[in-house]
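Structure first, then comments.
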Protein chains: 2
Amino acid sequence: MSKLNGDLEVLVEPSVEEAVKALRRGFSQGRLLLVIGPCTVDYEGRARSTLSLGERVIICKPDGSFMVHRPTGYEPVNWNPPGALASVYVEDGSLKLVSIRKRPPEKLVVNLSRVYLVASLKLEDSGVFALHASEEEMRRAVLIKPELIEEGFKPMEAERAIDGLEGYADLVGEDVEGNLVVVEFKRVTAGREAVLQLKQYVDALSSRTSRRVRGILAAPSVTKEGLRLLEQLGFKFVRLDPQVCYQLIKSASVKPSTGLLDYL
Amino acid sequence: MSKLNGDLEVLVEPSVEEAVKALRRGFSQGRLLLVIGPCTVDYEGRARSTLSLGERVIICKPDGSFMVHRPTGYEPVNWNPPGALASVYVEDGSLKLVSIRKRPPEKLVVNLSRVYLVASLKLEDSGVFALHASEEEMRRAVLIKPELIEEGFKPMEAERAIDGLEGYADLVGEDVEGNLVVVEFKRVTAGREAVLQLKQYVDALSSRTSRRVRGILAAPSVTKEGLRLLEQLGFKFVRLDPQVCYQLIKSASVKPSTGLLDYL
DNA sequence: CGTGCCAGGTGCCCT
DNA sequence: AGGGCACTTGGCACG
């Protein structure tokens, strides 16, 4: 099936009036809009910002997402997330692009004196995005092969509240001696903050049981200060690589008939 | 000064060969490139991801930033930050856009069977971006008007390390009774995590002095659990709005001759 | 370069 | 809606 011309409208160096017409048509048809040209930007909401004159790329998506991109940087310099409402009008011969978010109240105004390019596109994207080697997969890998944590470790509860309050533990289980074990996963180098988080869960669980509660931090690496705090609290560090966990899950799911047993 | 046509090259429905030529020329000239069309995306690096066929917008900036945008969502579905290196080639009749980051090693491959649009732009942007109502401005406002924290509060050290280790306190000072006070600022609603951070600084400072050390959390609001933990630790919550702090700083800097004295 | 921490963080999931 | 937390977080400042 070939893409028709009606799905792609491009205006090069349009007048402000031509641009506003194309953009309004685009908004009403749920199109993704690209506007390129010299502009100033004002933002007021949770914070405030001003951006003086320069050439930028503005993207308005049909879901309300609104982004102003400078020629450098990964992040948009100004934006509104999905759910915002965009509009366009002419004032003093300039094109004004306005994006308004209801809550929290945020207003973005882009002022273009000239327009280099307007592109209006009806894009279809029902593609499936799959992400691997996440923290969640580390947890799943340990459920499949508990000795990744330590010999004799038995997972009990996966995630969920320790008792409805005070945060959530990534994983709770028992060690070979019957002690309770709280495991905190990090997919990147763990620092002091991760250890403090673990301590919170251990303390919360300790206050609800007479059994000994151990803390284990599972991550690809720890910072020096993180390790220091860990040892000071009597907790343990277990090296665990998210990529290795992903490979394990992959192998396990590829041969579902025997996969699970291989690791039990 | 008028923008010349040479600074804006647009190809509508180009062949894969035409597209690759325009893109290579664009890369070598430090241009911002927009590519639109149906594609699949594969990512491998700190994590991994796949994205099946759909129509997307790809942005390559001259600083190496690389983004793949779906028709919905504020964030790019795949990306590389500035410093990455992009290249383009043809394989099996498809256009391949590759972005490689050295460290951490990350590789992004976009595979386009067709190209709806290529735009190549030389954008100039020397505009100044100014952000207000940040956490830093909250701190500066308190330095100008310490009673925002409490009557008799005297700021001492301008944040930085408590003693070279264990994180940084936002602000340290003395209260009217001569006790040490650690202030933690949050520009949004503060939760348990903010309180734990404050506790760290208070404990670290306590261990280095015989004086009493108080903890104060300054934020526009606190979560219920945050407040609970705060009271449990004997710390204090002070309501402080970043927007109000910004107004204060603005007034103070507008009349520099008398501004400071007005608040002392 | 590692370590720590803010961000107009955003997004996801939970009560 | 509020709360807790991961994120390919990115970005900056500092030892």
Side-chain angles (χ1 to χ4, degrees), chain A residues 43-49 65 73-83 101 103-108 131-136 138-139 159-161 164-170 184-194 197 200-201 221-228 242-243, chain B residues 43-49 65-66 73-84 99 101 103-108 129 131-136 138-139 159-161 164-170 184-194 197 200-201 221-227 242-243 246:
Chain A
Y43 153 70
E44 190 173 331
R46 289 168 292 178
R48 284 152 193 264
S49 73
S65 314
Y74 153 82
E75 297 181 314
V77 62
N78 284 110
W79 72 91
N80 254 337
R101 185 180 179 184
R103 239 185 21 257
E106 309 215 74
K107 184 179 184 183
L108 201 53
L131 180 70
H132 297 290
S134 62
E135 184 183 298
E136 168 61 19
M138 294 174 74
R139 202 176 62 78
E159 204 158 343
R160 288 304 81 83
L165 284 176
E166 297 158 33
Y168 301 82
D170 287 339
E184 169 74 17
F185 295 97
K186 286 292 163 205
R187 68 175 305 287
V188 293
T189 303
R192 285 179 16 257
E193 232 174 68
Q197 211 171 109
Q200 276 289 295
Y201 307 145
S221 54
V222 221
T223 67
K224 206 164 64 172
E225 279 303 306
L227 185 59
R228 199 150 101 99
Q243 297 280 357
Chain B
Y43 154 70
E44 190 173 332
R46 289 169 293 179
R48 283 153 193 264
S49 74
S65 315
F66 190 103
Y74 153 81
E75 296 181 315
V77 62
N78 284 110
W79 72 91
N80 253 338
S99 170
R101 186 181 180 184
R103 247 196 6 262
E106 309 214 75
K107 185 180 183 182
L108 201 53
F129 180 70
L131 179 71
H132 298 291
S134 61
E135 182 182 299
E136 170 60 18
M138 294 174 75
R139 203 178 62 81
E159 72 183 303
R160 290 302 75 92
L165 285 176
E166 297 160 35
Y168 301 82
D170 288 340
E184 170 74 18
F185 295 98
K186 285 294 164 206
R187 70 173 307 288
V188 293
T189 303
R192 286 183 9 259
E193 233 175 69
Q197 210 171 109
Q200 275 289 296
Y201 306 145
S221 53
V222 222
T223 67
K224 206 165 66 171
E225 279 304 306
L227 184 60
Q243 295 281 356
Y246 163 62

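All chains are named by letter (A, B, ...) in the order of the sequence lines, taking the proteins before the strands, and each is independently numbered beginning at 1. Hydrogens, waters and symmetry mates are skipped; everything else that's a heavy atom, side chains included, is used. Just so it is clear, the model here is predicted, and its values are computed rather than measured.
Contact annotation: Arg46(A) does not reach the phosphate of dA7(C) (side-chain N/O to OP1 or OP2, under 4.0 Å). Taking side-chain N and O atoms only, Tyr201(A) has no distance below 4.0 Å to OP1 or OP2 of dG4(D). Look at Lys186(B) and you'll find a side-chain N or O under 4.0 angstrom from OP1 or OP2 of dC6(C). Taking only side-chain nitrogens and oxygens, Thr189(A) never comes nearer than 4.0 Å to OP1 or OP2 of dT3(C).
Nucleotide dA6(D) holds its P atom 5 Å from the CD atom of Gln197(A), rounded to whole Å. Between the P atom of dC5(C) and the CZ atom of Arg139(B) lies a distance of 15 Å, rounded to the nearest Å. Per the geometry, CZ belonging to Arg48(A) stands 14 Å off P belonging to dG8(C), to the nearest Å. Protein atom CD of Glu136(B) is 10 Å distant from nucleotide atom P of dA13(D), rounded to whole Å. When the C1' atom of dT3(C) is taken as reference, atom CZ of Arg192(A) falls 9 Å away, rounded to whole Å. The CD-P distance, from Glu135(B) to dG4(C), rounds to 18 Å in whole Å. Atom C1' of nucleotide dG10(D) and atom CH2 of Trp79(B) are separated by 9 Å, given to the nearest angstrom. Residue Tyr74(B) contributes atom OH, which lies 8 Å from atom P of dG11(C) at whole-angstrom precision.
Side-chain to base pairing of Asn80(A) with dG8(C): one donor and one acceptor N or O lie within less than 3.5 Å of each other. Judged by distance alone, with hydrogens and angles left aside, Asn78(B) brings a side-chain donor or acceptor within reach of the base of dT8(D), the pair sitting under 3.5 Å. A donor and an acceptor atom sit less than 3.5 Å apart, one in the side chain of Glu106(A) and one in the base of dG8(C).
Contact annotation: the side chain of His132(B) never approaches that of Gln243(B) to less than 4.5 Å [non-hydrogen atoms, C-beta and beyond]. Contact annotation: the side chain of Arg192(A) never approaches that of Arg228(A) to less than 4.5 Å [non-hydrogen atoms, C-beta and beyond]. You'll find the side chain of Thr223(B) reaches within 4.5 Å of the side chain of Thr189(B), heavy atoms only. No side-chain heavy atom of Phe185(B) sits less than 4.5 Å from a side-chain heavy atom of Pro242(B). Residues Tyr74(B) and Trp79(A) have side chains in contact (heavy-atom distance under 4.5 Å, counting atoms from C-beta outward).
Residue-level contact check: Gly191(A) touches the backbone only, with heavy atoms under 4.0 Å from sugar-phosphate atoms and none from bases. The residue Gln243(B) sits apart from the nucleic acid: no heavy atom pair falls under 4.0 Å. If you check every strand for non-hydrogen atoms under 4.0 Å, Val77(B) touches a base. Backbone-only contact: Glu184(A) has heavy atoms under 4.0 Å from sugar-phosphate atoms and none from a base.
Judged by distance alone, the side chains of Asn80(A) and Ser65(A) never bring a donor and an acceptor atom under 3.5 Å apart.
What you find for Tyr201(B) and Ala169(B) is that their closest heavy atoms are CD1-CA, 3.8 Å.
Partners of Glu106(A) by salt bridge (Lys or Arg N to Asp or Glu O under 4.0 Å), not counting sequence neighbours, listed by chain and number: Arg46(A), Arg101(A). Under the salt bridge (Lys or Arg N to Asp or Glu O under 4.0 Å) criterion, Glu184(B) pairs with Lys186(B), sequence neighbours left out.
Residue Glu225(B) places its side chain closer to dG4(D) than to any other of dG4(D), dT8(D), dG8(C). Comparing atom distances between the Thr223(B) side chain and each of dG8(C), dG3(D), dG10(D) picks out dG3(D) as nearest. Nearest nucleotide to the Leu131(B) side chain, out of dC5(D), dG8(C), dG4(C): dG8(C). When distances run from any side-chain atom of Pro81(B) to the nucleotides dG9(C), dG11(D), dC7(D), the shortest one goes to dG11(D).
With centroids closer than 5.5 Å and planes inclined by less than 30 degrees as the test, Tyr43(A) and the base of dG8(C) pass as a stacked pair.
Helical stems of DNA chain D (runs of at least 3 Watson-Crick or G-U pairs, donor-acceptor distances under 3.5 Å) are listed by first residue: C:1-7 with D:9-15, C:9-15 with D:1-7.
For the pair Pro82(A) and Ala47(A), nearest-nucleotide mapping onto DNA chain C gives the more 5' position to Ala47(A). DNA chain D is contacted by both Lys224(B) and Phe185(A); Lys224(B) maps to the nucleotide lying nearer its 5′ end (nearest heavy atom per residue). Each of Arg101(B) and Ser134(A) lies near DNA chain D, and the nucleotide nearest Ser134(A) is the one positioned closer to the 5' end. Two residues, Ala133(B) and Glu193(A), neighbour DNA chain C, and the one matched to the more 5' nucleotide by heavy-atom proximity is Glu193(A).
When the P atom is used for both dG8(C) and dC5(D), the distance is 23 Å, rounded to whole Å. Straight-line distance between the P atoms of dT8(D) and dG4(D): roughly 23 Å, to the nearest whole Å.
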